[in-house]
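Residue numbering restarts at 1 for every chain, and letters A, B, ... go by the order of the sequence lines.
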Amino acid sequence: MIKILKAGLETSVQDYPGRIGYWNQGFPPSGPMDSWSFRMANVLVGNAPGAAGFECQFLGPTLQFGEDTVIAITGADMTPAVDGEAVPLWQSLAVKAGQTLVLSGARVGARAYIAFAGGLANPEMLGSRSTFNKAGVGGIDGHSVKPGQELPLFQGDGTPGLKVPDNLRPQIRTDKTWDIEVCAGPNDDWIDEAGHERFLTSPWTLSAKSDRTGFRLEGPEWTFTQKATNKPREHGSLPSNIIDHGYPMGAINLAGQTPIILVNDGPSMGGFINPYTVPSCAFWKLGQSKPNETFKFKLVSVSEAQDLALQIAKRCVAENLVKA
Amino acid sequence: MIYDQPRFMPAGDRYVLIEFGNEMNLDLNFLAQGLATAAANAEIGGVIETAPCFASLLVHYEPTQIGYDDVVREFLQLSAALGSSEDIELESRLFYLPALYLDPWTKACVDDYCAKIAKKAPDAELVVQENGLDNVEHLVRLHSSSEYWVASLGFWPGLPFLMALDPRARLTAPKYNPPRTNTPKGAIGLGGAANSIYPVATPGGYQIFARTPVPIWDPTGRQEVFEGSLCLFRPGDRIKFVPVTRDEYDACEAALNDGRYSYTVVEYQKFGVRNYKKWVSKLDKKTGAAA
């Protein structure tokens, strides 16, 4: 059992890949934003890569262990400490019943992950333990954790003293700039040449008005082709309006002139175009970026993006771990 | 315009968007839902799920199991085998939902918007004006006369986008600008050519003029009629609003609170596009004769 002493800013139960199969009823997958770090944390404690653990955003929680277990902390550096003593990231650690784990503000990155041997055992909702905070679905009582809550664990079989080699970890940027892969489409033909050029060459600033539903970007104006300006009335009045259609996760959704990257808790459909889509291999970068940091977008093909995702998945296996 | 061939557009590393045309009409949604059903029946390895919208279908696939080109090829084949929309038959449940039209809660919400955000014509009156109806009673009669088709769900989980199946009840309305910051749970409204029901209290932009006491969203997952989901509807369902009095509305709410309410739903029906179109063309002839 894990007891929440302090909740942190927004700490939630997530599993991977999340709540899949309900897109046609409007349910997003949820799940960890940086699923690379998340999967590594699980692998370190002997779990399947997708087992339920915590995602801690910006400011981590304080937890007390109700039983002896093995844990691992990955992702953002929130200077974790057990009973006041600093503990390393990217390693499996034995903890004893009664000990307290404190995660502070993120020094590097934005989201830290905590995995427990066996995994969190809160009830599943629609096949997933992930929290969809906005709609109150999954997790504990549908929302991020609160002080006083106790979360059960499954029986686990973790080995302390394992670590993820440096070269298999995501390299979280410390210079506030990120190169984010994008694939063109589905609605790239609504943007003119100059608009594409501007999108791919300009720096974009991540707005503070960003959360697990969408990442708002600030940057230059968009310009459009005939398709956007000369279209049947039912598409809507703005150039970026289109007859409501399904949104892929990662869509760069153009709400008027504001691009919003739709992320894990985002909407399944709506009436704006998506000229580009951030593929799954780049989601860890979104998860580790902070407001006011800078994104530059790098065009990749669909098959390149698929290959990059496969390379990440291949890293997240127990065979790759070494002794600490 | 309906395209001769559906158009396939890549959407990142795991999705494909298939467009059937670039207008809002039921035919395009029948194609999208027909293809979604055909794909579910075909159980294509690596295809995780599909989500229909008004004129398109989003396909979610697992690239380690099926490549983009193969997804396109499989869905082109399924689409060719569907033939015209006339041949499409879809499982379609019919839900009867009690609705209190011109209810006090949506009225209070609109009054509040007028007082705090922007002045506007009351929603029911606005719909009456926009559609050349006689009065609000006419709106109630017309709006409750048609079955509504669940074209898709989104914006909020379980929020249905509804299209009137009876062409005589097809109304349109502008959306709020700026949007409302709140909408009563269960409010029924119209924006553009789509109707909707708000599953929970959320911001919104549709003109609202009725309310149902019956939940269409249940985060506890305990409602039997929701069949394991947290929301009542699936694409391809139909809804009929049954006008009730305030007393009936209150009685219904009391029954819900006591756990005595049972949803009225007809489950054995199939929706055949051919029969539907036959009926619509009969209506067209009648209207023509009357004019």
Side-chain angles (χ1 to χ4, degrees), chain A residues 20-29 123 125-126 132 134-138 142 181-189 227 231-236 242-251 267-271 274 276-281 300-310 313, chain B residues 1 7-19 21-25 28 32 36 48-60 62-64 67-69 151-161 175 192-194 199-200 217 219-221 228-235:
Chain A
I20 301 294
Y22 296 90
W23 207 232
N24 73 351
Q25 288 186 313
F27 288 92
M125 273 288 191
L126 305 183
F132 176 26
K134 192 178 96 173
V137 173
E181 289 85 359
V182 283
C183 297
N187 306 117
D188 46 320
D189 56 349
K227 214 165 169 172
K231 61 191 172 190
R233 235 183 106 239
E234 54 257 59
H235 282 285
I242 189 169
I243 292 170
D244 284 42
H245 59 167
Y247 288 162
M249 187 157 105
S268 61
M269 56 172 278
N274 300 306
Y276 290 91
T277 305
V278 176
S280 56
C281 65
V300 296
S301 69
V302 168
S303 62
E304 281 168 335
Q306 291 172 342
D307 189 50
L308 288 167
L310 185 60
Chain B
M1 177 171 117
R7 292 185 188 168
F8 291 79
M9 289 161 284
D13 59 331
R14 315 177 58 83
Y15 299 87
V16 181
L17 184 65
I18 308 173
E19 263 183 19
N22 71 345
E23 58 187 39
M24 285 263 274
N25 69 44
L28 292 169
I48 296 168
E49 60 186 327
T50 63
C53 212
F54 292 118
S56 57
L57 183 72
L58 187 74
V59 180
H60 177 193
E62 173 48 56
T64 55
Y68 174 80
D69 291 340
S152 65
L153 296 122
F155 178 71
W156 181 272
L159 184 143
F161 286 86
K175 293 176 192 168
V200 296
W217 166 255
T220 66
S229 188
L230 307 183
C231 55
L232 187 56
F233 304 120
R234 290 193 297 259

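- Looking at B/L153, both its backbone and its side chain come within 4.5 Å of chain A, counting heavy atoms on both sides.
- Counting heavy-atom pairs under 4.5 Å between each of B/R7, B/M9, B/E49, B/K175 and chain A puts B/E49 at the top.
- Under the rule for a side chain to side chain donor-acceptor pair (under 3.5 Å), A/E234 has no partner lying at least two apart in sequence or in another chain.
- Looking at B/F155, only its backbone comes within 4.5 Å of chain A, counting heavy atoms on both sides.
- The shortest side-chain heavy-atom distance between A/F27 and B/L230 falls under the 4.5 Å cut-off.
- Looking at B/T64, the atoms closer than 4.5 Å to chain A (heavy atoms on both sides) all sit in the side chain, from C-beta outward.
- Within the 4.5 angstrom heavy-atom criterion, atoms from both the backbone and the side chain of A/A135 approach chain B.
- Annotation: maximal heavy-atom pairing with chain B below 4.5 Å, among A/V300, A/V302, A/N187, A/L310, occurs at A/V302.
- The aromatic rings of A/W23 and B/Y15 are tilted relative to each other, their planes meeting at an angle between 30° and 60°.
- Two residues are said to be in side-chain contact when any heavy atoms from C-beta on lie closer than 4.5 Å; B/P63 and B/R14 meet this criterion.
- Contacts with chain A were tallied for B/S56, B/P10, B/P219; B/P10 has the most, counting heavy-atom pairs under 4.5 Å.
- Proximity to chain B (any heavy atom under 4.5 Å) is shown, for A/N274, by neither the backbone nor the side chain.
- Of the atoms belonging to A/Y276, not a single heavy atom falls under 4.5 Å from chain B.
- For A/I242, the part sitting under 4.5 Å from any heavy atom of chain B is the side chain, from C-beta outward, and nothing else.
- For A/K134, the parts sitting under 4.5 Å from any heavy atom of chain B are the backbone and the side chain alike.
- Heavy atoms of A/A251 lying under 4.5 Å from chain B are absent altogether.
- Interface remark: A/D189 contributes no atoms to any contact with chain B (heavy atom separation under 4.5 Å).
- Side chain of A/S268 to backbone of A/G246: no donor-acceptor contact under 3.5 angstrom is found.
- Counting heavy-atom pairs closer than 4.5 Å to chain A, the top-ranked of the candidates B/A36, B/C53, B/A32 is B/C53.
- Under the 3.5 Å distance criterion, the side-chain polar atoms of A/H235 are matched with a main-chain donor or acceptor of A/I243.
- For the set B/V200, B/L17, B/V16, B/N22, the entry with the most heavy-atom pairs within less than 4.5 Å of chain A is B/N22.
- Put simply, of B/F8, B/W156, B/Y68, the one with the most heavy-atom pairs under 4.5 Å next to chain A is B/W156.
- Side-chain N or O atoms of B/D13 include none that pairs as donor or acceptor with a backbone N or O of A/P279 at under 3.5 Å.
- Between chain B and the residues A/G21, A/G250, A/P267, the most heavy-atom pairs under 4.5 angstrom are made by A/G21.
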